[in-house]
Amino acid sequence: MAELHKVNLPEDAPYVNAMLLQLLKGIEEVMGTHGLNAVLRLSGLERYVDNPPPNNLEFGVLAREYAALNEAIEQFTGRAGKGMLQRIGRSSFRWGVKEQSAVMGLAGIALKVLPVQLRKRAVLLGVRKGIMDTVNYASIDVQEENGVLVFTDYACVSCHTRHSEQPVCHLYVGSLQEAMTYATGKDFKAFDVLETHCLARGDDFCRFEIRDH
Ligand SMILES: [Zn+2]
């Protein structure tokens, strides 16, 4: 695989309608419609209240809007924010699998014929392909290092324009947890997903390590 580098996304980088819609669906399932509307207002995105982006692949929204919603959920839920974002990530992923097979990149994978460890890797590669086929600036790498699956996003949208001393892409962690559930049929708690690097912290990428618990 070619060596990947940090992608310098412009502040106003556009993003795909379907991806923001997937996030809104996840927030609504976990926080209810009132909760969704509250975080939309908190993040200055009241234009999406009762008016979600369409479920298509056009670049009709902004990457930093996606990140602003992540931040608003954290502010809204305080200390519970991390767990809440992970739940929303899992919920969004499930909704995407049902309603957005083109975006998710998982439709063509014959999981049943693969051993479990290969299933997990195959699903991560599917997620990578789904994002890379959908978002023209996406740059994602999937590796296996000593039995640890490593998922690295060089143009992460979850934290675009954010700054933090700690990794903040808890939503992404939730999506990867759900990807492991999709791959194995096991509960997400069977896996340990850790964000070791984060663009919001000044790293060159957001990097996630995935282990069996
Ligand atoms: Zn991050």
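Order of appearance sets the numbers: ligands from 1, and atoms from 1 within every ligand.
A salt bridge links R94 and E29; the closest N-O separation between the charged side-chain nitrogens and carboxylate oxygens is under 4.0 Å. Salt bridge R207/E145: present, at least one basic N to carboxylate O contact under 4.0 Å.
Among N56, T134, N55, the one residue that satisfies the side chain to side chain donor-acceptor pair (under 3.5 Å) test with Q100 is N55.
Distances from the Zn ion (ligand 1) show that C156 has no N/O/S atom below 2.8 Å. Contact annotation: C169 places an N, O or S atom under 2.8 Å from the Zn ion (ligand 1). One of the N, O or S atoms belonging to C198 lies under 2.8 Å away from the Zn ion (ligand 1). Because the distance cut-off is set at 2.8 Å, E195 qualifies as a neighbour of the Zn ion (ligand 1) through one of its N, O or S atoms.
Separation of atoms CG (D153) and OG (S158) is listed at 7.5 Å; rounding is to 0.5 Å.
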